[in-house]
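Data block below; observations after.
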2 protein chains.
Amino acid sequence: MSRTAIATKKVTIRDVARLAEVSYGTVSRYLNGNEHVSTDAARRIAKAIEESHYTPNKAARSLAQQRTSTVAFIVQVESIATLLQASTAAAMAEANQTLGDAGYQMVTLIANSEDSTQRIAQLVQSDFADGYLLFSLSEDDSLINIFRTAHRPVVLSEASDRSTAVSYPAVDFANADGQCSITRYLLDQGKIRLAYVCGPGYSPSSSKRLHGFKQAMGAYFDDSHVYYADDWEIASGEMAAVEFQPMLHDLDGIVCANDNIAIGVINQLRRFGYRVPEDIAVTGFDDSPIATMMDPKLTTVRQDSWLHGRVMSQLLLRMLHGEVVDHQTVKLLPTEIVTRQSA
Amino acid sequence: MSRTAIATKKVTIRDVARLAEVSYGTVSRYLNGNEHVSTDAARRIAKAIEESHYTPNKAARSLAQQRTSTVAFIVQVESIATLLQASTAAAMAEANQTLGDAGYQMVTLIANSEDSTQRIAQLVQSDFADGYLLFSLSEDDSLINIFRTAHRPVVLSEASDRSTAVSYPAVDFANADGQCSITRYLLDQGKIRLAYVCGPGYSPSSSKRLHGFKQAMGAYFDDSHVYYADDWEIASGEMAAVEFQPMLHDLDGIVCANDNIAIGVINQLRRFGYRVPEDIAVTGFDDSPIATMMDPKLTTVRQDSWLHGRVMSQLLLRMLHGEVVDHQTVKLLPTEIVTRQSA
DNA sequence: CTGTTAGCGCGTTCAG
DNA sequence: CTGAACGCGCTAACAG
């Protein structure tokens with residue numbers, strides 16, 4: 001006559017029904033918030049659930065209901081370094097929060113190889129999640145195509161400039177605007193002899209930021225003053241500064257594609273004996289944590305990664321609620337110049 | 001008479017069977033590597049699968065088979081800042097790789113609130129995954145308890161010093177050893193007047209590292225030379241240095257619980273006019289990316305987070321393969337002193 | 001308002 | 001070696 005039955009085996013909806021002395025159809029209705037359940041039955045069911053420690057089985061439910069109450073956050077990384085970026089983690093955390101508040105469980109998948117892409121494709125095709133956030137920092141298209149057959153909403157983290165066959169709504173930062181603004185900030189100070197360090201070719205943001213720089217420079221733009229880096233790392237910034245060495249003495253500033261690169265540039269500039277910002281001003285992009293850890297602190301373009309994750313989730317939620325959203329939709333998030341010491 | 005049927009609706013195992021002209025039981029056997037399928041049937045089935053773009057449905061399969069071929073990587077964070085740590089991301093990436101190679105899809109869940117813990121508990125109780133990696137940097141027990149009823153293997157990222165009711169195999173770093181070694185490194189240089197900045201109380205690593213310091217100091221240990229920080233951040237290091245100010249002039253070194261704190265200490269020390277390491281040596285712990293970005297570069301204790309993720313996964317895989325592992329098992333990963341400039 | 005029943009897609013006997 | 005039938009746990013449509 002033990003009061004609290006020890007959960008020896010899986011307790012199913014049928015056990016609850018038996019305990020509450022109703023049919024299990026009724027229990028199902030109760031569980032799904034159906035109106036047609038007498039308050040009396042409801043009370044007994046609630047009690048039975050409590051006593052039996054019942055938890056509905058996800059797999060069975062999603063099989064019958066064709067929805068899973070989870071959304072997948074798929075991060076596609078060119079190199080694992082991307083995964084380590086604070087911006088990725090921030091967007092991930094905020095998306096998790098936003099979706100969680102709406103009753104969805106977020107699961108994160110990492111696509112960093114042919115194999116993992118394959119596995120993920122399989123999951124997607126069996127409707128593993130109700131919706132997808134594709135957080136990608138690469139131009140690789142292989143992942144985006146796996147959603148064609150799954151008729152589930154998808155939101156991208158980046159506006160692709162190329163017109164691919166398939167496309168989904170996207171939330172991105174105003175990369176070009178940001179780089180354009182900070183360049184103008186330099187120009188307005190009379191620093192007009194500028195060089196640019198561009199990010200890796202595989203990244204759309206790279207070209208957008210370069211575009212912003214070009215726009216601000218107008219006719220003064222000179223491609224020989226652009227260094228094209230292979231990645232987003234500090235070492236690339238150092239290499240850029242080395243490359244620029246011959247022309248350094250008549251340069252007012254160097255605009256960089258991101259903070260890491262800017263740090264590398266500054267490090268190398270100092271080794272060459274230049275002072276920052278007195279001799280040469282340097283700007284970054286991202287406002288990553290290290291921007292304030294450096295000396296001088298970085299003047300940079302701030303983008304709110306938390307906001308990125310939140311807006312992507314909100315858009316996806318609206319789509320999950322049935323709202324139809326044009327696949328060409330692109331939401332551009334504002335950027336902001338943060339003036340510190342390096343420029 | 002179209003060759004390649006357009007995947008209009010969900011294609012099930014039945015469709016494949018029809019195409020291959022066998023019963024769907026046979027297809028199921030083929031799919032699960034059962035011997036008893038004639039090579040002729042196998043060939044026809046393979047062809048049918050190819051043509052129909054068939055993908056087995058995860059939910060249905062896991063419902064019938066009671067396994068999901070996925071493992072969950074649950075990261076429990078006291079504050080979101082933890083999630084931003086490079087070490088977490090590294091372990092995550094490597095676990096994803098290791099599990100992926102073994103045919104398991106890793107999904108990451110973030111537990112950062114009462115709600116999210118609740119949702120995750122529900123998933124776990126419906127056998128959402130075949131196994132669990134609990135990556136936790138907090139002492140909160142609420143999560144660890146949700147695995148009691150789920151009879152699935154679990155591996156922890158940290159050895160708890162407290163003897164809780166439930167426990168699982170764990171993989172952790174030799175925190176005490178590491179801190180002990182680097183302290184001895186200072187002592188051996190004749191720097192014997194040392195202070196210590198301890199990490200936050202909620203973290204087990206905190207106390208273990210402090211323990212290592214105590215061990216190295218032996219009788220010379222003096223609790224008044226210990227500052228107890230509230231978190232792992234730079235600001236805490238700065239506060240510690242302020243706290244230590246009165247005794248700074250007769251201190252040879254400050255051993256810190258992690259790199260961030262060490263950086264804060266160094267920053268503040270400089271403001272006070274002390275040179276590092278000439279006047280006071282400072283050591284960190286983690287060998288995080290910023291350790292080499294600072295000037296002076298940090299002398300610190302290196303721990304291989306990739307290895308952490310890999311070993312945790314390997315242990316879990318063995319358990320998934322049926323090997324029984326004592327719940328008290330603790331695998332300690334080696335740490336290593338990295339000598340740079342700050343000490 | 002409630003019990004009954006037919007699937008959801010697939011694994012697994014169990015005969016044949 | 002293969003086909004048929006049942007069950008996994010739950011939802012939803014349909015009678016009552």
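Only one option out of B:Val77, B:Ile74, B:Leu156, B:Thr88 pairs with B:Phe135 in a side chain to side chain contact (heavy atoms under 4.5 Å, CB included); it is B:Thr88.
At least one side-chain nitrogen or oxygen of B:Ser38 sits closer than 4.0 Å to the OP1 or OP2 atom of D:dT2.
Computed from coordinates, the B:Tyr30 OH to C:dG11 C1' distance equals 17 Å when rounded to whole Å. Atom pair A:Phe128:CZ and C:dG9:C1' shows a separation of 18 Å (rounding to whole Å applied).
The side-chain heavy atoms of A:Leu316 and A:Tyr168, taken from C-beta on, include no pair separated by under 4.5 Å.
In summary, the side chains of B:Gln105 and B:Thr70 do not present any donor paired with an acceptor at a separation below 3.5 Å, with no hydrogens or angles considered. Of the N and O atoms on the side chains of A:Thr68 and A:Asp130, at least one donor lies less than 3.5 Å from an acceptor on the other residue.
For B:Glu114, there are no side chain to side chain donor-acceptor pair (under 3.5 Å) partners two or more places apart in sequence or in a different chain.
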Using a cut-off of 4.0 Å between protein heavy atoms and nucleotide atoms, how would you tag nucleotides 8-16 of chain D 5' to 3' with B, S and -?
-> BBBBBB---

